[in-house]
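As structure tokens, the structure follows; a few thoughts come after it.
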Amino acid sequence: MPEVVNGGAAGAAGASGAGASGASSDVNNNASSEQLGALSYVFLNSKGGMDGVDMQSVQQVVAAMSAGSRHEANERRKATEHAERTRQLLQRKSTWERDKVAVAKSRREVDAAVTRLEEQRRLSSVFCHVDQDQYYAACEEQERPELSGKAFAVGGIGMISTANYVARKYGVRSAMPGFIALKLCPHLIFVRPDFSKYTAKAQEVRGVLRTFDANLQVRGLDEASLDVTAYVKGRRDRDVLEAVAEKIRHDVAAATGGLTCSVGIAPTRELAKIASDRNKPNGQCIVEDFTREAVLSFIRPLETRKITGIGKVTDASLKALGITTVEDLYNARYLLHGILTPTASSFLLRTSLGIGAEDVSADRGGAEDDQQEHNRKSCSVERTFEPIGDRHTLSRKLIDIAFTLSRHLHDLGLRGHQLTLKIKLSNFEIRSRQVTLPHATDSSDDLIPAALKLLKAELPLSARLLGLKVSQWENENDTQVASRDILARFLQKGDEEDEEGGLRKVEEIVPSTTPTPAAAVAAKMAPPTTVRSEPWACIACTLENEASAKRCEACGALKGSSLPPTSTLALEKKRRAPTLLDGFASRLKKRSG
DNA sequence: TACATACAC
DNA sequence: CATGGTGTATGTA
């Protein structure tokens, strides 16, 4: 999905002069517009389904619970940025409108594009979207019938994954923090998520769905998109399609002991998904006719937020341009072409015509499931915790994450060239820092020092989340730089190589114990045999330890070792030369290239 | 390549 | 007591 409007939140301009004014005590008054500015924006984060809910009062509870929090402050900060970008967007609009040449050009190009797209339009396929109802909650209720009829949510006090329909009546929703949900619904019951349960059930569902389309595309645990053209043998009569939808729902329920799903059928995957939402729960919707006119009358009145790929930010930007519905989107096509990137405007044009994305069927082929790992591009692990400023504690967290990530990579049989560190500061600001490693790896032996180095460069800070991601998989065709060669060349060059400037700067702030390349090699090749009676710094996690300590107090690594001893260490296979050649290897590369 | 943002689920 | 984790795509520099 393109980033449609390059930011921008029209309705979220309340951040400017708001401050922490205390208008919230008066129960009879709505929250001030300032208050709602940033917060209503948070709340629009749902695609709908709040039918019988008193949004106003829900919103007030959310506002009250959030007031003064760091999270809210961050939301306000983001809202300010959105407002600025919206301003720029409107500026571009007025510039474009006054440029008659540009307008004429836009007309020509868009008209041509529409003609081309209409030629591409295919109405002969039958797509079916299957969406499990309140999926996690439904799985739990199945095992705990006593939950039936009660308001409950899968998740915890921190975050709710799924609220059942009873809880939703109180305004409780997924992605809502549990403590706010509890305020909305004091008798709310929390159920701990059990993903293995949901995964197992999802497999059963997919087993059923494969009988309708062996090449189904899965989207998460609770959704799938099917091409049922072959199954219906090309027939598109209303009654045939209704019957197929019913059979799918029936078969899924039968195979899962009663889990319900909602089904949509349409000439494109995108429309089928939207249709599946229409008669939720346990319902179905067929976009009748499979004609261009029927498609258009189905989508025209839709609010733009219903479109997959248009989220709350984009939606707000579109609103700023006066665009609320898909019909508006079509009417604004020249403008959008004129002021947006080609990717974005073409996505919106296709959408407004009800023409799906080109089907890249070959891409993920028939086996998205765990059996045959599809073409994933990255693998990551991240953890949230109470804000931490202590660098040793942070290092330990990061090391844990690296081990977990290493294990995942190993299980997947993947090794990557790129390591990305993600940090969420205690004020919710997010940073990412990445390095390209000299060779693809899945080993914590490689990941840990590189990750610690990235972290160290950011200190001091206080974080509430750390994460690591590995990407850029090794390519069989790549000429693999033999690590032995790197090592040999490194040893030849010897000590003339120095630390990089950036690293040195950091060292002034935080005394680093990250092994230099030379130190790492030395550690591997000739572990120190003499025990010096001085305090020492752990190579693995940077903690300074007592002279008498044999192992690091923080991470347990042996003195002189960059490898913290963890049970998971047994999983690690050493297959390469020491990793800390990173900076060195890249410098070698630069020199030769 | 590096980083930030938006989005889906 | 107090706002998630995994993965993808896009834009910009």
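Everything numeric here is computed off the predicted structure, so don't read it as measured data. Proteins come first, then strands; the chains are lettered A, B, ... in the order of their sequence lines, and each starts at number 1. These values consider heavy atoms only, across backbone and side chains, with no hydrogens, waters or symmetry-generated copies.
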A:Tyr198 OH to C:dT6 C1', straight-line distance once rounded to whole Å: 17 Å
Sugar-phosphate only, base, or nothing, as touched by A:Ile160 at under 4.0 Å among non-hydrogen atoms: nothing
Separation of the C1' atoms in C:dG4 and B:dC7, to the nearest angstrom: 15 Å
side-chain hydrogen bond (donor to acceptor under 3.5 Å, both in side chains) between A:Thr304 and A:Asp315, worked out: CA-CA 7 Å; A:Thr304 48; A:Asp315 197 51; 2.4 Å; yes
Side-chain N or O of A:Gln418 closer than 4.0 Å to phosphate OP1/OP2 of B:dA2: yes
Nearest-angstrom distance from the residue atom CZ of A:Arg376 to P of C:dT6: 10 Å
Separation of atom CG in A:Leu89 from atom P in C:dG11, rounded to whole Å: 14 Å
A:Thr384 side chain near C:dG5 phosphate (N/O to OP1/OP2, under 4.0 Å): yes
Nucleotide nearest A:Arg383 when distance is taken to its side chain, options C:dT6, C:dT3, C:dT8: C:dT6
Any A:Lys424 side-chain nitrogen or oxygen under 4.0 Å from OP1 or OP2 of C:dT3: no
B:dA4 OP1/OP2 closer than 4.0 Å to side-chain N/O of A:Ser432: yes
Under 4.0 angstrom between A:Arg433 side-chain N/O and B:dA4 OP1 or OP2: yes
Residue mapping more 5' on DNA chain C - nearest nucleotide basis, A:Phe179 or A:Lys422: A:Phe179
Euclidean distance, atom CZ of residue A:Phe428 to atom P of B:dT5 [Å, nearest integer]: 16 Å
Ring geometry between A:Tyr198 and A:Tyr135 (parallel below 30°, tilted from 30 to 60°, perpendicular above 60°): perpendicular
Under-4.0 Å side-chain N/O to phosphate OP1/OP2 contact, A:Ser161 with C:dG4: no
Under 4.0 angstrom between A:Thr420 side-chain N/O and B:dA2 OP1 or OP2: no
A:Thr308 vs B:dA8: side-chain N/O to OP1/OP2 distance below 4.0 Å: no
A:Lys377 side-chain N/O to C:dA9 phosphate OP1/OP2 under 4.0 Å: yes
Nearest-Å distance for atom pair CG/P, residues A:Asn375 and C:dG7: 14 Å
Side chain of A:Glu382 - closest among C:dT6, B:dA8, C:dT3: C:dT6
Touch class at under 4.0 angstrom, heavy-atom based, for A:Gln472 against every strand present: sugar-phosphate
A:Arg464 side-chain N/O to C:dT3 phosphate OP1/OP2 under 4.0 Å: yes
Integer-rounded Å distance: C:dC1 P and A:Met159 CE: 18 Å
CD/A:Gln142: more than 12 non-hydrogen atoms of other groups inside 6.0 Å: yes
Residue list, side-chain hydrogen bond (donor to acceptor under 3.5 Å, both in side chains) with A:Arg70, at least two apart or on another chain: none
Any A:Lys273 side-chain N or O less than 4.0 Å from OP1/OP2 of B:dC9: yes
Sugar-phosphate, base or nothing in reach of A:Arg431, heavy atoms under 4.0 Å: sugar-phosphate
Nearest-angstrom distance from the residue atom NZ of A:Lys312 to P of B:dA8: 11 Å
OP1 or OP2 of B:dC9 under 4.0 Å from side-chain N/O of A:Ser174: no
Residue whose closest nucleotide on DNA chain C lies nearer the 5' end, A:Pro342 versus A:Ser380: A:Ser380
A:Phe179: ring pair (Phe, Tyr, Trp, His ring centres under 6.0 Å) partners, not counting sequence neighbours: none
A:Thr341 vs C:dT10: side-chain N/O to OP1/OP2 distance below 4.0 Å: no
Nearest-neighbour nucleotide for the A:Ser378 side chain, C:dT8, B:dT5, C:dG5 considered: C:dT8
Touch class at under 4.0 angstrom, heavy-atom based, for A:Asn74 against every strand present: nothing
Any donor-acceptor pair under 3.5 Å from A:Gln134 side chain to A:Tyr165 backbone: yes
Atom-pair distance (NZ on A:Lys78; P on B:dA4), nearest Å: 14 Å
Nucleotide nearest A:Thr343 when distance is taken to its side chain, options C:dG5, C:dT10, B:dC3: C:dT10
Under 3.5 Å side-chain donor-acceptor pair for A:Asn279 and A:Ser262: no
A:Arg219, nearest nucleotide to its side chain (from B:dA6, B:dA8, B:dT1): B:dA8
Distance test, side-chain N/O of A:His417 to OP1/OP2 of B:dT1, below 4.0 Å: no
Check: A:Thr341 main-chain N/O paired with A:Ser345 side-chain donor or acceptor under 3.5 Å: yes
